Asks: 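Dumping the structure here so I can ask a few things about it.
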Amino acid sequence: MHPAKAECDRVKHLCEEPALQTLIVGYGSIGKRHAQNVRSLIPNAELTILRHRRPPGSDPASAVAARVVYDIQDALSYSPQLAIIASPAPMHIETAIQLANHGVHLLVEKPLSDQLVGIDELLSICQARKTVLLVGYTLRFSQPLQTVRRAIAEGQIGRLLGIHAEVGQYLPDWRPHADYRQSVTAQQSLGGGALLELSHEIDYVRWIAGNVRSLHATAQTLSDLEIDVEDWAELDLQFESGVSGHVHVDMVQRFPVRCGKAIGTHGTLEWDLMSQQVHINSIDSDSKVKLGNHSGTDRNLIYEELVRHFLDCIEGNAQPVCTGADGRAVLEIVLAAKKSAQTGERIDL
Ligand SMILES: NC(=O)C1=CN([C@@H]2O[C@H](COP(=O)(O)OP(=O)(O)OC[C@H]3O[C@@H](n4cnc5c(N)ncnc54)[C@H](OP(=O)(O)O)[C@@H]3O)[C@@H](O)[C@H]2O)C=CC1
Ligand SMILES: O=C1CO[C@H](CO)[C@@H](O)[C@@H]1O
């Protein structure tokens, strides 16, 4: 079945609109991906792309959108119903507040911002206007991580004691066809750095183990990359539940790694998000057993799931799996980690 047909069976009201006015803010790496996914999943989407910078000559974004605009007032003149904010993190909140004030449903890319200013105002506007606010921590749609979370909730490894998450990949390999030095990831002023850019891991350990009570962190630039941000950070987390946690993020490993481990009173779960595998080793079985059967390693799947979920939330079929409050909580952890790395102190949250 065509993906758009399947989607229309789920979100009938949205698909009945003659033209669903859809705005994408920012046409960088993730903005392009969202534009393709919106086009394939929402047949009646009329797409507007809002860019901060006008490239010389004709704008390549006009090949995928009904129109490209360079000013938010122009974007608002087309009365967008939903928007995906995929600009650099320091620009997310100002744009989100302007759109929220016009009743636009919002999917804001992670991290929600690079500072707390304006976040509570955004959350209040969305609550008052009863509009959707979803944050793009896509690993919540990872099938292996959903398996891990379910197994822990079902007590398959007993009571959770500890959780470790690791992600690392050499920044120039993230997008081999682009100059890494121009990416938001490489630049402090655009919300870059391992802590903000790889904050997916912070989000998912919190999704699994609950709120963080305190942390100690280090953050450094260890490589020779031409960046003005940290490329390596370690977080030692204590959760309110008593669980102990550790998160490692880096932008230097030549062989990409995205994996983790949860330790419980009755066993251990291990996951590898590169191969999509989860294994459990519990006192109830003699050896390590594969858990779940996760289809494919196509990276685009979780981005499609994110857009489908956004539509489901707007249609009223679901509540955001990653709320504005979740995005705020992750940012608080990142900011506390930065402070701890500077002062050497343990920080209470
Ligand atoms: N959920 C996920 O898995 C992912 C999330 N992201 C997040 O999406 C956001 C965008 O990231 P990504 O697409 O990788 O970014 P890119 O490095 O590809 O940069 C593209 C975006 O930044 C804008 N931009 C770049 N340089 C400047 C500048 N000097 N001044 C103003 N704007 C500039 C671009 O401009 P323009 O507006 O003109 O198009 C575009 O919006 C970030 O918050 C990132 O963390 C990114 C990748 C994956
Ligand atoms: O959000 C992110 C930024 O891009 C990276 C490389 O594609 C991803 O790993 C990460 O999830």
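Every number for a ligand or one of its atoms is a count from 1 in the order of the listing. It should be emphasised that the depicted structure is a prediction, and the values quoted were computed from it without experimental measurement.
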Asks: Is Arg328 paired with Glu332 through a side-chain N to carboxylate O contact shorter than 4.0 Å?
Replies: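 The answer is yes: the pair qualifies as a salt bridge.
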Asks: Taking all atoms of both residues into account, what is the closest heavy-atom pair of Ala165 and Tyr204, and its distance?
Replies: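 Here Ala165 and Tyr204 meet closest at CB-OH, 3.3 Å.
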Asks: Is it true that the side chains of Glu234 and His246 contain a donor and an acceptor less than 3.5 Å apart?
Replies: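 Short answer, yes.
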Asks: Do you know which two heavy atoms are closest between Asp59 and Pro55, and how far apart they sit?
Replies: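 Here Asp59 and Pro55 meet closest at OD2-CD, 3.3 Å.
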Asks: Can you list, by chain and residue number, every protein residue with a non-hydrogen atom closer than 4.0 Å to ligand 2?
Replies: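 Residues Lys110, Trp174, Arg175, Glu197, His200, Arg258, Arg299 each place a heavy atom under 4.0 Å from ligand 2, listed by chain and number.
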Asks: Going by atom types only, do His279 and Glu270 share a side-chain donor-acceptor pair under 3.5 Å?
Replies: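 No pair is found: no donor N or O on one side chain lies under 3.5 Å from an acceptor on the other.
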Asks: Among residues two or more places apart or on two chains, list those pairs meeting salt bridge (charged side-chain N to carboxylate O under 4.0 Å, His left out) that have a residue in residues 61-74.
Replies: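 The answer is Glu46-Arg67.
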Asks: Could you tell me which residues satisfy side chain to side chain contact (heavy atoms under 4.5 Å, CB included) with Ala86, sequence neighbours excluded, listed by chain and number?
Replies: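 Expected list: Ile30, His34, Glu109.
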Asks: Considering only NZ, NE, NH1 and NH2 on the basic side and carboxylate oxygens on the acidic side, decide whether Lys110 and Glu197 come within less than 4.0 Å.
Replies: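 Salt bridge present between Lys110 and Glu197.
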Asks: Any Lys/Arg nitrogen of Glu240 or Arg213 sitting under 4.0 Å from an Asp/Glu carboxylate oxygen of the other?
Replies: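 No, this pair does not count.
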Asks: Strictly under 4.0 angstrom, heavy-atom based: which residues surround ligand 1?
Replies: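 Close residues (ligand 1, cut-off 4.0 Å): Gly26, Tyr27, Gly28, Ser29, Ile30, Arg51, His52, Arg53, Ala86, Ser87, Pro88, Ala89, Met91, His92, Glu109, Lys110, Pro111, Gly136, Thr138, Arg175, Ser183, Val184, Leu190, Glu197, His200, Tyr303.
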